[in-house]
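Counting begins at 1 with the first residue of the sequence.
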Amino acid sequence: MSSYRKAQKSAQKSHRERSQPASRARLGLLEKKKDYRLRAKDYHRKQDALKVLKRKALNKNPDEFYYKMISSQMVDGVHTKRRKASAVTEEQMKMMETQDLRYVNHKLNIESKKIEKLKSGLHMLGEAEAKPRNKHIFFLNSGKEATDIDLAKRLDTHPALLHRTHNRPTTSMLSDPAMIAAMAGGAGEGPSSSGSLQVLGREKSKQYQELGQRIEREKQLRIIADKMAAKKHSKEKARKELIKEETPESAPVYKFHTQRKR
């Protein structure tokens, strides 16, 4: 009997889902079973989400606090997380991604040596010393002599050099071309004292400008080296605590807990 039923089923007509009738095209597409299943799944998914939200709203404590209240904000009706300011500048990121810690320390040592060399030549004295700390006292016989005194003539130097407390050449030195070339590093020669002063001033300004640039470069290299070292130590498995967060001007500071060595 079972074989007869199977043979009977094979002879039956297969029922197919009807197609879209041409006469009713104005009513839109005819929904098929697969379309209904997709629509039903989407409807039930939305209903389940609404049930969860309603349950959360009923169980919510009005005095409850969570950190997203202060770390997010509404933008066009959507909750978006507030972006923190980047603690690493673009130049620092390029250096940290392309170079290693040994190279950065090598460049840092080079800059430090060049800065020390410039400091020893310039004595770390400013270009304009309007109020020097030290004093030069002249002992005179009368008050009239004190009002009529010519300091440039008394010190035997140019009036433009009276504010200096160091490297104050005399008139004879300013009139000597060889001495001017030696003082200016061979940058200028001239018989006039005013021209030699201009040469010395330009040369010294260049040196102070170079010193300032190298000090800034050394500072940036030191920050990058500290950040790379902190990043290396942060990967250790030892227990640690963040004491100070990373900023564009400083590396993060970690406190490592002491561990007993076995």
Side-chain angles (χ1 to χ4, degrees), residues 1-101 103-104 220 223-257 259:
M1 293 293 293
S2 60
S3 59
Y4 176 75
R5 285 197 298 268
K6 290 180 181 179
Q8 189 180 11
K9 286 184 178 181
S10 63
Q12 288 179 353
K13 182 180 179 181
S14 59
H15 294 277
R16 299 180 181 180
E17 196 170 12
R18 60 177 178 169
S19 61
Q20 180 73 32
S23 60
R24 305 198 55 179
R26 59 184 178 84
L27 299 177
L29 293 175
L30 184 65
E31 187 182 45
K32 304 295 193 300
K33 180 71 176 288
K34 60 179 182 179
D35 300 326
Y36 164 74
R37 292 180 62 184
L38 291 175
R39 184 166 57 85
K41 284 183 179 180
D42 182 66
Y43 172 78
H44 290 297
R45 181 176 56 82
K46 291 178 180 178
Q47 291 297 320
D48 294 339
L50 288 174
K51 287 181 181 179
V52 173
L53 293 175
K54 287 180 181 179
R55 191 180 303 115
K56 285 184 178 181
L58 291 174
N59 298 331
K60 183 179 180 181
N61 183 4
D63 299 329
E64 184 180 2
F65 171 79
Y66 57 98
Y67 284 99
K68 281 193 176 181
M69 290 180 178
I70 58 176
S71 63
S72 62
Q73 60 182 353
M74 291 286 290
V75 177
D76 297 333
V78 180
H79 276 283
T80 57
K81 191 174 182 181
R82 292 178 180 174
R83 295 183 179 180
K84 294 183 178 179
S86 178
V88 183
T89 61
E90 187 177 356
E91 292 77 8
Q92 293 175 1
M93 182 62 69
K94 288 181 180 179
M95 178 69 75
M96 293 169 66
E97 289 180 351
T98 56
Q99 306 298 339
D100 57 353
L101 183 58
Y103 174 79
V104 175
Q220 294 299 327
I223 293 173
I224 293 172
D226 293 342
K227 288 187 176 183
M228 294 177 73
K231 186 177 180 181
K232 180 180 178 182
H233 293 313
S234 65
K235 294 181 180 179
E236 297 180 3
K237 296 183 179 180
R239 290 196 307 124
K240 53 187 174 294
E241 181 183 356
L242 181 63
I243 303 299
K244 182 180 178 183
E245 292 187 356
E246 183 181 7
T247 63
E249 300 296 330
S250 62
V253 179
Y254 293 96
K255 179 183 178 182
F256 288 85
H257 296 273
Q259 290 182 351

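- Residues Met228 and Leu101 share a closest heavy-atom pair of CE-N, 3.5 Å.
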Distance-only criterion, 3.5 Å: show the donor-acceptor pairs between side-chain atoms of residues 36-44 and protein atoms not counting sequence neighbours.
residue, atom, partner, partner atom, Å
Arg39, NE, Glu31, OE2, 2.9
Arg39, NH2, Glu31, OE1, 3.3
Arg39, NH2, Glu31, OE2, 3.3
Asp42, OD1, Arg45, NH2, 2.5
Asp42, OD2, Lys46, NZ, 3.3

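- With sequence neighbours excluded, the residues forming a side-chain contact (heavy atoms from CB on, under 4.5 Å) with Arg55 are Val52, Asn59, listed by chain and number.
- Evaluation of the side-chain hydrogen bond (donor to acceptor under 3.5 Å, both in side chains) rule for Ser250 yields Thr247 as partners, not counting sequence neighbours.
- In this structure, Glu241 has no salt bridge (charged side-chain N to carboxylate O under 4.0 Å, His left out) partners at least two apart in sequence or on a different chain.
- For residues 224-233, every residue pair satisfying the salt bridge (charged side-chain N to carboxylate O under 4.0 Å, His left out) rule, not counting sequence neighbours, is listed here: Lys227-Glu246.
- Residues passing the side-chain contact (heavy atoms from CB on, under 4.5 Å) test with Lys240, sequence neighbours excluded: Ser234, Tyr254, Phe256.
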